> 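Below are the structure tokens for one structure; questions will follow.
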Amino acid sequence: MSSAKFTDHVYALTRLIPQGKVATYSSLARALGNSGAARAVGNALNKNPDAPRTPCHRVVRANGQVGDFASGSAKKIKLLKKEGVIVWQGKVDLEKYFYEFKNKKQGC
DNA sequence: CATATGACACTAT
DNA sequence: AATAGTGCCATAT
């Protein structure tokens with residue numbers, strides 16, 4: 001059993017990313033409470049490249065770059081494009097496709 | 001317990 | 001703008 005709450009939570013949030021949207025490693029880390037654990041987030045996803053329920057390809061860099069991918073960044077870009085995310089020059093428009101994790105309770 | 005690794009981020013050059 | 005160097009955090013060994 002994995003007690004790695006961190007990694008476990010990373011998958012949970014990644015699964016919440018709707019199709020056609022993208023999140024950033026840093027943002028994910030922040031949602032977990034570890035704002036500076038962007039690297040750790042990436043590690044978590046990299047360790048689970050087989051998780052079909054975890055759309056790890058929807059997680060990109062903070063600067064809009066698609067970043068790396070276990071099966072190759074090209075594959076990642078392809079998947080994103082298929083989902084409706086326009087990837088141009090290996091970058092995505094975070095202003096348009098960025099998905100912010102929100103608590104289902106809050107509504108402010 | 002210390003060292004090494006890694007799908008990142010930021011600052012300086 | 002692009003590249004390099006440094007920092008950060010979690011896991012694996």
Side-chain angles (χ1 to χ4, degrees):
Chain A
M1 335 253 292
S2 332
S3 333
K5 256 201 284 207
F6 194 86
T7 322
D8 191 27
H9 225 172
V10 170
Y11 303 134
L13 287 173
T14 305
R15 263 188 255 117
L16 295 177
I17 305 173
Q19 181 188 47
K21 290 270 179 177
V22 296
T24 69
Y25 297 96
S26 155
S27 235
L28 250 157
R30 204 182 313 177
L32 290 171
N34 298 297
S35 35
R39 226 171 187 171
V41 172
N43 271 131
L45 292 169
N46 179 22
K47 280 174 163 206
N48 283 53
D50 271 298
R53 0 172 176 310
T54 309
C56 25
H57 61 265
R58 282 179 199 157
V59 185
V60 300
R61 281 199 166 182
N63 61 320
Q65 279 262 239
V66 295
D68 263 324
F69 196 58
S71 308
S73 39
K75 194 90 177 204
K76 187 171 178 177
I77 294 171
K78 214 172 191 167
L79 279 161
L80 285 169
K81 283 192 170 184
K82 269 197 161 179
E83 301 205 336
V85 177
I86 308 273
V87 183
W88 203 37
Q89 317 227 302
K91 301 203 309 197
V92 295
D93 197 328
L94 289 178
E95 292 290 306
K96 280 188 179 235
Y97 304 108
F98 181 64
Y99 170 75
E100 184 161 14
F101 298 102
K102 53 184 193 277
N103 237 352
K104 42 165 48 184
K105 269 238 161 102
Q106 123 357 123
C108 175

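Keep in mind it's a predicted model, so treat the numbers as computed, not measured. Within every chain, numbering begins at 1; the chains are lettered A, B, ... in the order of the sequence lines, protein sequences first and strands thereafter.
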> Would a 4.5 Å heavy-atom cut-off, applied to side chains only, mark A:Val59 and A:Val10 as touching?
no
> Identify which nucleotide among B:dA9, C:dA10, B:dA7 has an atom closest to any side-chain atom of A:Phe6, counting heavy atoms from C-beta outward.
C:dA10
> Is there any protein nitrogen or oxygen under 3.5 Å from a nitrogen or oxygen in nucleotides 3-8 of chain C, and what are the pairs?
residue, atom, partner, partner atom, Å
C:dG7, O6, A:Arg39, NH1, 2.6
C:dG7, O6, A:Arg39, NH2, 3.0
C:dG7, N1, A:Arg39, NH1, 3.2
C:dC8, N3, A:Arg39, NH1, 2.7
C:dC8, N4, A:Arg39, NH1, 2.7

> For ring pair (Phe, Tyr, Trp, His ring centres under 6.0 Å), just list the numbers for A:Tyr99 and A:Tyr97, CA-CA rounded to whole Å, side-chain angles, deciding distance to a tenth of an Å, and then say yes or no.
CA-CA 6 Å; A:Tyr99 170 75; A:Tyr97 304 108; over 10 Å; no
> Are A:Leu45 and A:Leu16 grouped together when hydrophobic residues (ILVMFWY) are joined by side-chain heavy atoms under 4.5 angstrom apart?
yes
> With sequence neighbours left out, which residue pairs that include part of residues 68-94 of chain A fulfil the salt bridge (charged side-chain N to carboxylate O under 4.0 Å, His left out) condition?
A:Arg58-A:Glu83
> Please give me the minimum heavy-atom distance between A:Asn63 and A:Leu94, naming the atom from each residue.
C-CD1, 4.1 Å
> Name every residue in residues 69-87 of chain A that has at least one heavy atom under 4.0 Å from any atom of DNA chain C, in order of residue number, or write none if there are no such residues.
none
> Answer whether the closest heavy-atom distance between the side chains of A:Asn48 and A:Thr54 falls below 4.5 Å.
no
> Nearest whole Å is fine: how far is C:dC9 C1' from A:Lys5 NZ?
16 Å
> Got a list of protein N/O to nucleotides 2-5 of chain B N/O distances below 3.5 Å?
none

> Can you sort out which residues in residues 24-32 of chain A have a heavy atom within less than 4.0 Å of DNA chain B? Ascending by number, please.
A:Tyr25, A:Ser26
> Measure the shortest side-chain to side-chain distance between A:Phe69 and A:Cys56 over non-hydrogen atoms and say whether it is less than 4.5 angstrom.
yes
> Holding to side-chain contact (heavy atoms from CB on, under 4.5 Å), I want the full list of residues that pass it with A:Ala74, two or more places apart in sequence or in another chain.
none
